[in-house]
Amino acid sequence: MVQTFDVRLCNETHGDYAMNAIETAAAVKLSAKESSLNWYENGTSRIPFQVYTDAQLHQRELEAFFYKSHWCYIGLEAEIPNVGDFKRTAVGERSVVMSRDADGKVNVFENVCAHRGMQFCRERHGNRKEFVCPYHQWSYTLKGDLQGVPFRRGVKQDGKVNGGMPADFKTEDNGLNKLRVATRGGVVFATFDHAMESFEDFVGETVLAYFDRMFDGRTLKILGYNRQRIPGNWKLMQENIKDPYHPGLLHTWFVTFGLWRADNKSELKMDKHFRHAAMISTRGNAQAANEVSKVSSFKETMKLHDARFLDIVPEAWWNGPTAVMTTLFPSVILQQQVNSVSTRHIQPRGNGEFDFVWTHFGYEDDTPEMTERRLRQSNLFGPAGFVSADDGEVIELSQKGFEQKPSHRALAELGGRDVGDTDHMVTETLIRGMYAYWRKVMNE
Ligand code: FES
Ligand code: FE2
């Protein structure tokens with residue numbers, strides 16, 4: 001059934017948009033259509049649990065969001081500084097390899113041998129002159145072109161040639177599946193969709209400004225990785241970072257040590273499709289934390305054994321905000337929390353699980369003290385982090401709730417039922433925006 005969709009789109013410069021959106025009660029409503037899901041008032045303020053539990057919807061999401069029309073995160077150029085360096089990663093559920101060729105160019109190709117389909121690359125990182133598939137030793141260049149096929153011309157026996165590939169077999173037609181690659185500020189994105197709009201158009205100028213703030217051309221320095229497998233739907237991770245309601249409530253640590261509070265000066269900004277967002281917060285208001293939070297988890301007496309975790313040194317490139325969390329839909333979260341900077345890569349594994357890969361980095365011009373500081377502050381994040389361990393657990397338990405009652409729905413009505421940028425954090429508008437986009441693309 002063809003649908004019409006009348007979600008209000010904000011323009012990239014925003015202006016009065018947030019006010020207008022709040023005044024416009026019908027800002028996010030799909031016109032009457034047949035969806036297999038039950039959306040309250042045909043909007044996105046109540047999210048059917050089925051979007052997290054339905055395996056068929058998940059397959060459609062992979063096709064619609066990860067395998068076409070979207071630039072997906074691959075990694076940082078600093079992970080493969082030299083010719084022949086490579087990294088194995090994933091786009092959605094498809095394994096891919098990023099490699100640097102002899103011309104210094106970054107290539108991304110699918111980790112599926114052109115012969116009989118084996119995932120030929122097993123190491124996560126390494127350096128190669130070429131890629132050789134172990135099964136029958138077909139070999140590929142660093143660009144993903146097929147260069148060698150054993151016994152291509154057959155074997156000479158008793159004066160005649162036996163076997164070999166057909167005479168019309170061409171190596172040029174049998175390379176690896178190459179993705180289109182975009183790099184900006186040292187970050188690598190790729191897409192299977194060769195007709196994609198540019199990366200810059202995909203992100204949109206509002207969110208691109210926050211991307212460029214963190215990736216401003218300085219060479220990046222890799223500090224390390226965290227990996228976790230979270231038993232929940234991949235969209236919950238996007239939602240978690242589009243949800244400024246929870247940090248001051250779930251993460252006691254944040255509140256106690258003043259890193260994130262509901263009264264921080266803050267803004268939420270989206271691209272014109274509502275798929276990407278930046279959550280921008282500036283620490284430093286004077287009220288005592290417990291006056292604002294009034295949350296049961298707040299513990300005034302909690303003390304750090306090592307105060308260096310909070311040895312925060314403002315940096316010029318922050319240009320004000322002390323924390324900016326950027327969600328690029330569907331595949332990555334870009335994190336700045338004071339001096340800790342990282343990318344967080346979402347790699348789905350079926351509808352009920354995803355891998356979450358954190359790359360902690362710094363900048364080449366960091367002093368050794370700043371590198372140490374970034375590493376210490378990275379203890380906030382990752383599977384065992386003081387903050388992010390909480391997120392993994394609530395995502396797992398949310399998925400459990402959905403599975404036990406798939407006909408029910410989640411409520412995302414904080415701040416109203418509309419979608420628009422705001423200058424405060426007490427809203428779930430970014431989640432409503434993400435599902436407005438999801439509904440449009442999924443036709444659901
Ligand atoms: Fe790769 Fe045969 S499957 S060489
Ligand atoms: Fe969180």
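Model, not experiment: these values are computed from the prediction. When a ligand or atom number is given, it counts from 1 through the structure's own listing order.
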- Item | Atoms in ligand 1 with a heavy atom of Tyr135 nearer than 4.0 Å | 2 (Fe), 3 (S)
- Ring centers of Tyr363, Trp317 separated by less than 6.0 Å: yes
- Query: Do the charged groups of Arg432 and Asp418 touch, with an N to O distance under 4.0 Å?
  - Reply: no
- Query: Any idea which N/O/S atom from His115 gets closest to atom 2 (Fe) of ligand 1?
  - Reply: ND1
- Using a distance threshold of 2.8 Å, what protein N/O/S atoms lie below it relative to the Fe ion (ligand 2)? His246 NE2, His251 NE2, Asp391 OD1, Asp391 OD2
- Query: Using the benzene-type ring in the case of Trp, are the ring centres of Phe274 and Tyr437 under 6.0 Å apart?
  - Reply: no
- Quick check, are the ring centers of Phe86 and Phe109 under 6.0 angstrom apart? no
- Message: If we count only N and O atoms by modelled type, under 3.5 Å, do the side chains of Glu63 and Gln59 hold a donor and an acceptor together?
- Response: no
- Task: Measure from the ring center of Phe356 to the ring center of His345 and say whether it is less than 6.0 Å.
- Result: no
- Item | Which of the ligand 1 atoms, numbered from 1, are nearer than 4.0 Å to a heavy atom of Cys133 | 1 (Fe), 3 (S), 4 (S)
- Query: Do Phe402 and His408 make the cut of ring centroids closer than 6.0 angstrom?
  - Reply: no
- Donor-acceptor pair between Ser45 and Glu413 side chains, under 3.5 angstrom: yes
- Query: Do Ser342 and Gln335 get their side chains close enough for a donor-acceptor pair, meaning under 3.5 Å?
  - Reply: yes
- Task: Of all N, O or S atoms in His136, identify the one at the shortest distance from atom 2 (Fe) of ligand 1.
- Result: ND1
- Identity and separation of the nearest protein heavy atom to atom 3 (S) of ligand 1: Arg116 N, 3.4 Å
- Going by the atom numbers of ligand 1, which of them fall below 4.0 Å from some non-hydrogen atom of Trp138? 4 (S)
